[in-house]
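Beneath this line is the structure, given in structure tokens, with notes to follow.
All heavy atoms count here, side chains included; hydrogens, waters and symmetry mates do not. We're numbering straight along the sequence, starting at 1. Because the structure is a prediction, the values reported are computed rather than measured.
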Amino acid sequence: MILRMIVGVMLLVAGLFSHAETVWDEDYQVQVVTADKMTCEQAVDQYEKYGRIYVIAHGKNIVPIYGMIPIRKKRDLHCRGRSSMKATYHVRTRDNSRCGIAVFCM
């Protein structure tokens, strides 16, 4: 439920970004590259280091993805109650169409 809300907010924010291969990240004061321009290993490293990664949604909008546990720390995630199952969040990269970068409770 929370993930659906986060994704909904991210898609609303997507309209604020123009169609481009890179975007300026105001929080980190750096220009970032979308996941489809990285290798899977680079995408995993990027999400683990910064806690976010950018993807292209619907083929035109750049959207930040954040709020999950990095895939390498999946053992630290303890799901309880109604959200007792772990799920992997995948992004498309240069070398992998389903690169797992993070985990969350479903």
Side-chain angles (χ1 to χ4, degrees):
M1 181 72 144
I2 292 174
L3 179 64
R4 287 184 186 146
M5 292 186 328
I6 291 171
V7 171
V9 169
M10 289 186 301
L11 291 176
L12 287 174
V13 171
L16 302 175
F17 294 102
S18 64
H19 176 58
E21 292 185 7
T22 58
V23 65
W24 185 257
D25 186 319
E26 295 295 330
D27 292 339
Y28 294 103
Q29 297 296 308
V30 294
Q31 192 174 28
V32 295
V33 179
T34 56
D36 62 312
K37 305 297 181 205
M38 301 178 192
T39 64
C40 185
E41 185 175 348
Q42 289 170 330
V44 169
D45 290 343
Q46 176 86 9
Y47 193 82
E48 187 171 17
K49 183 175 181 178
Y50 297 107
R52 74 175 73 183
I53 196 166
Y54 291 85
V55 298
I56 297 179
H58 306 294
K60 60 181 178 177
N61 297 315
I62 297 175
V63 180
I65 303 297
Y66 55 90
M68 296 172 280
I69 303 296
I71 194 82
R72 291 182 184 137
K73 296 180 181 180
K74 64 183 173 186
R75 290 196 172 122
D76 295 343
L77 179 63
H78 303 287
C79 301
R80 295 184 174 87
R82 296 178 74 186
S83 299
S84 62
M85 292 179 52
K86 289 183 186 179
T88 302
Y89 188 86
H90 297 91
V91 296
R92 181 180 306 272
T93 61
R94 274 193 335 224
D95 61 344
N96 190 336
S97 64
R98 290 184 47 84
C99 174
I101 62 161
V103 292
F104 59 95
C105 295
M106 285 182 39

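- For Lys74, the side chain to side chain contact (heavy atoms under 4.5 Å, CB included) partners are Val103, not counting sequence neighbours.
- Contact annotation: the side chain of Val44 never approaches that of Pro70 to less than 4.5 Å [non-hydrogen atoms, C-beta and beyond].
- Closest of all the heavy-atom pairs between Val91 and Ala43 is CG2-CB, 4.4 Å.
- Legend: residues meeting side chain to side chain contact (heavy atoms under 4.5 Å, CB included) with Gln46, ordered by chain and number and at least two apart, are Val32, Met38, Tyr50, Ile53.
- Residues satisfying the side-chain hydrogen bond (donor to acceptor under 3.5 Å, both in side chains) test with Thr39, not counting sequence neighbours, are Gln42.
- Of all non-hydrogen atoms in Ile62 and Tyr54, the two that sit nearest each other are CG2-CD2, 3.8 Å.
- Put simply, the side chain of Asp36 reaches to within 4.5 Å of the side chain of Ile56, judged on heavy atoms.
- Counting only residues at least two apart or on different chains, the salt bridge (Lys or Arg N to Asp or Glu O under 4.0 Å) pairs with a member in residues 63-73 are Asp45-Arg72, Glu48-Arg72.
- Within the structure, the side chain to side chain donor-acceptor pair (under 3.5 Å) test picks out the following pairs touching residues 90-100 (sequence neighbours left out): His90-Arg98, Thr93-Asp95.
- In this structure, Glu41 has no side-chain hydrogen bond (donor to acceptor under 3.5 Å, both in side chains) partners at least two apart in sequence or on a different chain.
- Going from atom OH of Tyr89 over to atom CD1 of Ile71 covers 13.0 Å, rounded to the nearest 0.5 Å.
- Taking each heavy atom of Tyr47 and Met68 in turn, the nearest pair found is OH-N, 2.9 Å.
- Counting all heavy atoms, side chain and backbone alike, Cys79 lies closest to Lys86 at SG-CG, 3.7 Å.
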